[in-house]
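Report on the structure given below.
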There are 2 protein chains.
Amino acid sequence: MAEQFNEINLQTLAFLAKCLADENRLRILLCVSRGKKSVSRIVEELKISQPLISHHLKELKRALLVNVERSGPFVYYELADERILSILEKLNELGDDLLKTRTSF
Amino acid sequence: MAEQFNEINLQTLAFLAKCLADENRLRILLCVSRGKKSVSRIVEELKISQPLISHHLKELKRALLVNVERSGPFVYYELADERILSILEKLNELGDDLLKTRTSF
DNA sequence: TGATCATATAAGCATACATTTATATACTAA
DNA sequence: TTAGTATATAAATGTATGCTTATATGATCA
């Protein structure tokens, strides 16, 4: 289980983790995980300014975590891979358990 | 699968991800995942300066990702939870696949 | 107690990053 | 083409963060 860690690409890993290390980007990821959505739709749902949403979407796209599709004046974003969700689930669960076992961060 | 995401703690999640978002901290995590190790041992193996190792260990400890144990003059660190490894594995695999499918970051 | 080793902390610096405000680009419809 | 909507980008700013150098704390042994 631990031996196959020779294949680990630290750079890619750190890059992806960095992309997941912002609350607003996580909100956006969870938002688009519930279906393909336009930028304005995301802005509405999350109540975050449009330039900030666009900026974070650009980062998420750079990390290949979302797919983009233009349709008329709208640009739709969707989660690139369902595994992103399950990884976030697992990380969240881990965080919960760590907090339960220990006292505090 | 996507519905249980009401329970998600964005703050904790972002905090943990941030801790995983640095190459040196990842190196340290992988290093101590292969057994409990003293600071000087980690310094040797990774060839990173002692203050920098200590600094990152402090962060990892703050995130509860490592457990600490003092024994005489030595301080031993170990991975706090094996799930950390499997999450890193999954994230690494995801990164690989994303890079395969698309063209580049 | 003094000396030495192991580890932690502090100060300083440079860079990265999240955010806001303002503006530009792209598309559509009249 | 003009007006209006949707989205992206640029500039500016404050803050966080990784790293280095220097020093402090803590433990062991003579």
Can you tell me how far C1' of dT9(C) sits from NZ of K61(B), to the nearest Å? 13 Å
Testing L57(B), D22(B), L65(B) for side chain to side chain contact (heavy atoms under 4.5 Å, CB included) with I28(B), which one passes? L57(B)
Checking all strands, does Y77(B) fall into the base, sugar-phosphate, or nothing category for heavy-atom contacts under 4.0 angstrom? sugar-phosphate
Considering heavy-atom distances to DNA chain C, does K18(A) or G72(A) have its closest nucleotide positioned more toward the 5' end? K18(A)
Polar contact flag, side-chain donor to acceptor under 3.5 angstrom, Q50(A)-S54(A): yes
Toward the 5' end of DNA chain C, by each residue's nearest nucleotide, R70(A) or R41(B): R41(B)
With R27(A), which residues qualify under side-chain hydrogen bond (donor to acceptor under 3.5 Å, both in side chains), at least two apart? E23(A), N24(A)
side-chain hydrogen bond (donor to acceptor under 3.5 Å, both in side chains) partners of S49(A), counting only residues at least two apart: none
Kindly calculate the angle separating the two end axes of the helix from dT1(C)-dA30(D) to dA30(C)-dT1(D), each obtained from five base pairs, and round it to 10 degrees. 10°
Salt bridge (charged side-chain N to carboxylate O under 4.0 Å, His left out) with K61(A): which residues, sequence neighbours excluded? none
For D96(B), salt bridge (charged side-chain N to carboxylate O under 4.0 Å, His left out) partners two or more places apart: none
Go through residues 47-58 of chain B and report each residue with a non-hydrogen atom lying under 4.0 Å from DNA chain C, sorted by number. Q50(B), P51(B), S54(B), K58(B)
Does N9(A) use its side chain to pair, donor to acceptor, with the backbone of N92(B) at less than 3.5 Å? no
Quick one: list whatever passes side-chain hydrogen bond (donor to acceptor under 3.5 Å, both in side chains) with E59(B), sequence neighbours left out. none
Given 3.5 Å as the limit, does a donor-acceptor pair link the side chain of S71(A) with the main chain of F74(A), or not? no
Under the side-chain hydrogen bond (donor to acceptor under 3.5 Å, both in side chains) test, which residues partner K18(A), sequence neighbours left out? none
To the nearest Å, give me how far apart CG (L60(A)) and P (dA18(C)) are. 10 Å
Please report, rounded to the nearest Å, how far the C1' atom of dT19(C) is from the CG atom of N24(A). 9 Å
Mind checking which nucleotides bracket the chain B contacts on DNA chain D, 5' to 3', with an atom under 4.0 Å from a heavy atom? dT17(D) to dT28(D)
Taken in chain and number order and not counting sequence neighbours, the residues that satisfy salt bridge (charged side-chain N to carboxylate O under 4.0 Å, His left out) with K36(A) are E69(A)
Counting any heavy atom closer than 4.0 Å, what does R25(B) reach on the DNA or RNA strands: base, sugar-phosphate only, or nothing? sugar-phosphate
